[in-house]
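Each ligand, and each atom within it, is numbered from 1 in the order the structure gives.
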Amino acid sequence: MFERGINEEINELLGRELQGKLNEALLLILLTNNYVAAQKSSEEPQERFKARKTPLITEGLTTRAIADELVMPQSTVATAVARLVKRGLVTHSKGMPVKTTEAGRASGNEKLRHHRLLEVFLSNGLGMDHDSAHDESLKLMLLAGCNIIDAIDKQFNNPDTCPCGFDIPKSPLCDRIKK
Ligand SMILES: [Zn+2]
Ligand SMILES: [Zn+2]
């Protein structure tokens, strides 16, 4: 007789309730990252970004480019985009690239900060390998609040980069808990 453990329960919960939220977060992170990198690339040599799949433009990404980058069906991307539009985090009109709003970039930036500090915790603190730390940090990102992220930040002496070597951005949204 098959017994369900916590892993199965979490996966079921993710499948039903949280997968949509996770998709929205991944999409926002991708667009925010792309926006920031595109702004930087105008000051830096273009070659640095040659290996990227998606074009670096501050004008956003098409739903097809997003689907390719996140390895998601375009219908899933369309659902996530529609929800983010409703929340005022992205703008999109048919056939045009999906663009982040200022609120969307602030939210994407905070999510990146949470994701990367959770990676620091799982990888440097618990010794998990990079791939597992990456995957698990995305799930935890949906539930770990700013107070947990702040505690990790302090515990690891305000790290500048995640275990993969990417910058950990500062976030005014996270800083609100300190006031
Ligand atoms: Zn990382
Ligand atoms: Zn936060």
**Student:** Would L173 end up clustered with L117 when hydrophobic side chains under 4.5 Å apart are linked, directly or stepwise?
**Tutor:**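 No, L173 and L117 fall in different hydrophobic clusters.
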
**Student:** More than 12 heavy atoms of other residues, nucleotides or ligands under 6.0 Å from CD1 of I6: yes or no?
**Tutor:**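 Counting other residues, nucleotides and ligands, CD1 of I6 stays at 12 neighbours or fewer.
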
**Student:** Would you name the heavy atoms of C146 and E110 that are closest together and state the gap between them?
**Tutor:** SG-OE2, 3.1 Å

**Student:** Can you tell me which N/O/S atom of E119 has the shortest distance to the Zn ion (ligand 1)?
**Tutor:**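 Of all N, O or S atoms in E119, the Zn ion (ligand 1) lies closest to OE1.
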
**Student:** For S132 and D135, test the side chains for any donor-to-acceptor distance below 3.5 angstrom and give the result as yes or no.
**Tutor:** no

**Student:** For the Zn ion (ligand 2), how many protein N, O or S atoms come closer than 2.8 Å?
**Tutor:** 4

**Student:** Restricting to pairs with a member in residues 148-166, which pass side-chain hydrogen bond (donor to acceptor under 3.5 Å, both in side chains), not counting sequence neighbours?
**Tutor:** R113-D153, D150-K154, D153-N158

**Student:** Would you say H130 reaches the Zn ion (ligand 1) with an N/O/S atom under 2.8 Å?
**Tutor:** no

**Student:** May I ask you to check whether H134 brings an N, O or S atom to under 2.8 Å from the Zn ion (ligand 1)?
**Tutor:** no

**Student:** CZ of F166: more than 12 outside heavy atoms within 6.0 angstrom?
**Tutor:**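 Not more than 12 within 6.0 Å, no.
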
**Student:** Taking a hydrophobic cluster as the set of Ile, Leu, Val, Met, Phe, Trp and Tyr residues connected by side-chain heavy atoms closer than 4.5 Å, whether directly or through intermediates, do L122 and F156 fall within one such cluster?
**Tutor:**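 Same hydrophobic cluster.
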
